Amino acid sequence: LRSLGVREGAGAGASAGGAAGSGDAAIDLNTTNFDAFLKASPESFAVVEFFAHWCPACRNYKPQYEKVAKLFNGPDAAHPGIIVMTRVDCAEKETSQMNMDLCSRFSVSHYPFLLWGPPTKFVSAQWKPKQENSEIELIEEARTAERLLKWINKKMGRQVSCLSFSLDDKKYENESMLPKNASDPEQIVRAIYDVEEATAHALQIILEHKMIKPETRDTLIRFLQILVAHHPSKRCRRGSADLLINFDDHWPTNLSLSSQESSRLLESVTADNHQICGKEVPRGYWMFCRGSRSETRGFSCGLWVLMHSLTVRVGDGESQMTFTSICDFIHNFFICEECRKHFYEMCSSVSVPFKSTRDLALWLWSTHNKVNDRLMKEEKELGTGDPSFPKAVWPPKQLCPSCYRAAAGAVQVDWDEDEVFQFLVNYYGKMLVSSYKDSYMESLLQEKKQLGSISDESSASSAATVPIGAALGVAVASCTFGALACFWRTQQKNRKYYHLRSLKKI
Ligand SMILES: Cc1cc2nc3c(=O)[nH]c(=O)nc-3n(C[C@H](O)[C@H](O)[C@H](O)COP(=O)(O)OP(=O)(O)OC[C@H]3O[C@@H](n4cnc5c(N)ncnc54)[C@H](O)[C@@H]3O)c2cc1C
């Protein structure tokens with residue numbers, strides 16, 4: 001949605017221009033971007049304020065609404081990723097008539113007029129007062145920031161003072177609101193958005209640092225092939241496939257990019273909509289991987305979760321190839337010198353090829369625990385760790401009691417590796433995509449309805465399902481890249497055709 005001018009800067013919370021002043025936390029929407037933006041919003045709820053810039057009451061209300069928006073939107077939000085606060089200027093000059101239509105769709109009868117509901121429920125929807133069975137609700141009695149927040153707290157069952165949102169909440173100061181992923185298995189459902197964020201971030205770093213060279217090209221192709229088939233996010237599978245199709249065009253063999261070429265490429269990759277996880281990502285903030293300090297967690301956490309989620313998804317026959325790809329990818333593209341060096345040493349110490357998903361998943365798990373163990377000591381000495389997320393052996397007993405064999409007084413954990421594997425499969429497999437399936441798949445289905453039936457996407461029933469095209473990609477992974485690219489090119493042409501057709505309809 002960046003191309004539509006939304007969520008510039010740090011992802012959520014930036015103004016799209018229009019009537020709002022820059023630096024506003026509430027996100028300005030208009031008839032052009034309203035549906036697309038809300039469809040892609042990972043937050044559980046949206047507030048939409050319909051207003052008119054000429055309306056004096058709206059002008060007075062703006063700072064009140066902003067106070068609440070700042071709590072939920074933007075890089076300094078105390079509670080990001082829960083509620084997206086937006087607004088629509090029904091009297092916007094340039095697109096006045098069109099915005100009016102949007103406001104009419106929601107029966108806006110006065111200004112300001114606030115609606116609440118899950119973001120996807122606003123998409124292509126209408127709303128009428130007293131409409132039955134609607135998840136969209138009118139927010140009445142919200143003329144001050146305090147009243148609006150009181151309404152939200154009530155709606156979300158957060159009336160108890162220790163749980164409720166408060167206008168005084170500040171980023172990182174409200175430790176009780178931070179995800180305690182060490183003990184709360186439910187938090188992993190939010191990690192899917194961080195896996196997307198980390199994937200997009202990784203590509204951005206690769207491009208910005210001009211890291212695609214003749215000697216690293218194959219590594220990236222092999223890693224993309226795995227992402228196409230096994231990335232837990234459907235939009236990243238799709239984006240990786242698109243990148244793969246156009247790989248030859250962008251990065252011909254033997255091309256070492258000059259800085260000029262590289263920046264041209266960066267522009268063209270962005271302009272061609274080749275963002276690896278689609279236009280909505282990166283969002284600019286972390287959810288599961290959010291640290292209690294700005295300098296902790298984030299990207300490296302998202303990268304770990306991505307790698308774990310890949311290892312539980314690949315088939316037995318792909319385990320060795322995946323192992324090599326992950327090791328080479330980190331070695332070539334993770335520009336934390338100490339991290340990639342240590343990780344590569346651990347990769348190099350593996351002497352027997354992997355034959356099963358189980359062995360690969362357990363190897364990555366124990367390797368990550370070795371890193372945790374090393375950092376546990378380092379962070380303690382240097383005081384650089386995140387106090388809310390101290391390094392520890394993982395999974396803790398609260399998350400997986402059966403992973404621990406009962407052994408009173410033992411210094412080293414006696415792991416039950418069968419149980420650990422089952423736990424990893426469930427945690428990084430099903431649980432990771434459980435909420436994503438609901439929100440993203442629903443939006444996909446709506447998109448499908450609008451486009452008519454699209455031939456290649458029969459996998460809408462499950463985010464973890466490998467698309468037919470991607471499965472074929474895996475099957476031919478051992479063949480030449482040319483064959484794969486050829487297949488995806490055909491798929492892409494079909495998709496472009498459908499996109500053109502839908503654009504023509506619009
Ligand atoms: C390949 C790689 C190598 C790195 N090497 C270094 C290094 O040498 N020095 C350095 O300072 N930093 C290194 N880092 C960064 C470091 O490991 C952490 O990512 C960073 O400190 C942030 O920690 P975190 O608390 O977010 O948890 P992370 O360690 O990033 O873990 C993310 C999440 O994964 C889960 N998790 C934790 N342990 C395991 C496990 N064993 N198996 C499965 N899931 C687990 C937890 O839910 C955790 O919140 C490396 C990162 C990567 C990706």
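First listed ligand is number 1; within each ligand, the first listed atom is number 1. Here the structure is a predicted model, which is why all the values come from computation and not from measurement. Position 1 is the first residue of the sequence; numbering continues from there.
When the options His342, His368, Met307 are ranked by their closest heavy atom to atom 31 (O) of ligand 1, first place goes to His368. Of the candidates Lys391, Lys341, Arg297, it is Lys391 that places a heavy atom closest to atom 23 (O) of ligand 1. Of the listed options Tyr427, Trp394, Phe343, Trp394 places a heavy atom closest to atom 45 (C) of ligand 1. For atom 3 (C) of ligand 1, the nearest non-hydrogen atom from the set Cys347, Ser300, Cys339 belongs to Cys339.
When non-hydrogen atoms are compared, ligand 1 lies under 4.0 Å from the backbone of Asn369 as well as from its side chain.
A salt bridge is absent between Asp242 and Arg238: the closest approach of a Lys/Arg side-chain nitrogen to an acidic carboxylate oxygen does not fall below 4.0 angstrom.
Per-residue contacts place Tyr428 under 4.0 angstrom from the following atoms of ligand 1 (heavy atoms of the residue considered): 34 (O), 35 (C), 36 (N), 43 (C), 44 (N), 45 (C). Of all the atoms in ligand 1, the ones that sit under 4.0 Å from a non-hydrogen atom of Glu338 are 7 (C), 8 (O), 9 (N), 10 (C), 11 (O). Of all atoms in ligand 1, listed by their number and element, those nearer than 4.0 Å to a heavy atom of Leu375 are 9 (N), 10 (C), 11 (O), 12 (N), 13 (C), 16 (C), 17 (O). Within ligand 1, the atoms closer than 4.0 Å to a non-hydrogen atom of Phe334 are 2 (C), 51 (C), 52 (C), 53 (C), numbered from 1 in the order shown.
Contact between Asn372 and ligand 1 is present, with at least one heavy atom of the residue lying under 4.0 Å from the ligand. Within the 4.0 Å heavy-atom cutoff, Arg374 counts among the residues contacting ligand 1.
Ile82 pairs with exactly one of Met156, Met287, Glu43 by the side-chain contact (heavy atoms from CB on, under 4.5 Å) rule, that one being Met156. Glu197 pairs with exactly one of Pro282, Cys277, Cys289 by the side-chain contact (heavy atoms from CB on, under 4.5 Å) rule, that one being Pro282.
Ring geometry for His79 versus Phe72: interplanar angle of 30 to 60°, hence tilted. Using cut-offs of 30° and 60° on the angle between ring planes, the pair Phe299 and His201 is tilted. Ring pair His308/Tyr428 is parallel by interplanar angle, where below 30° counts as parallel and above 60° as perpendicular.
Of all non-hydrogen atoms in Cys403 and Phe423, the two that sit nearest each other are SG-CB, 4.0 Å.
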**OP:** Might you work through the salt bridge (charged side-chain N to carboxylate O under 4.0 Å, His left out) test for Lys391 and Asp386, ending with a clear yes or no?
**Re:** CA-CA 8 Å; Lys391 298 285 181 302; Asp386 189 316; over 6 Å; no

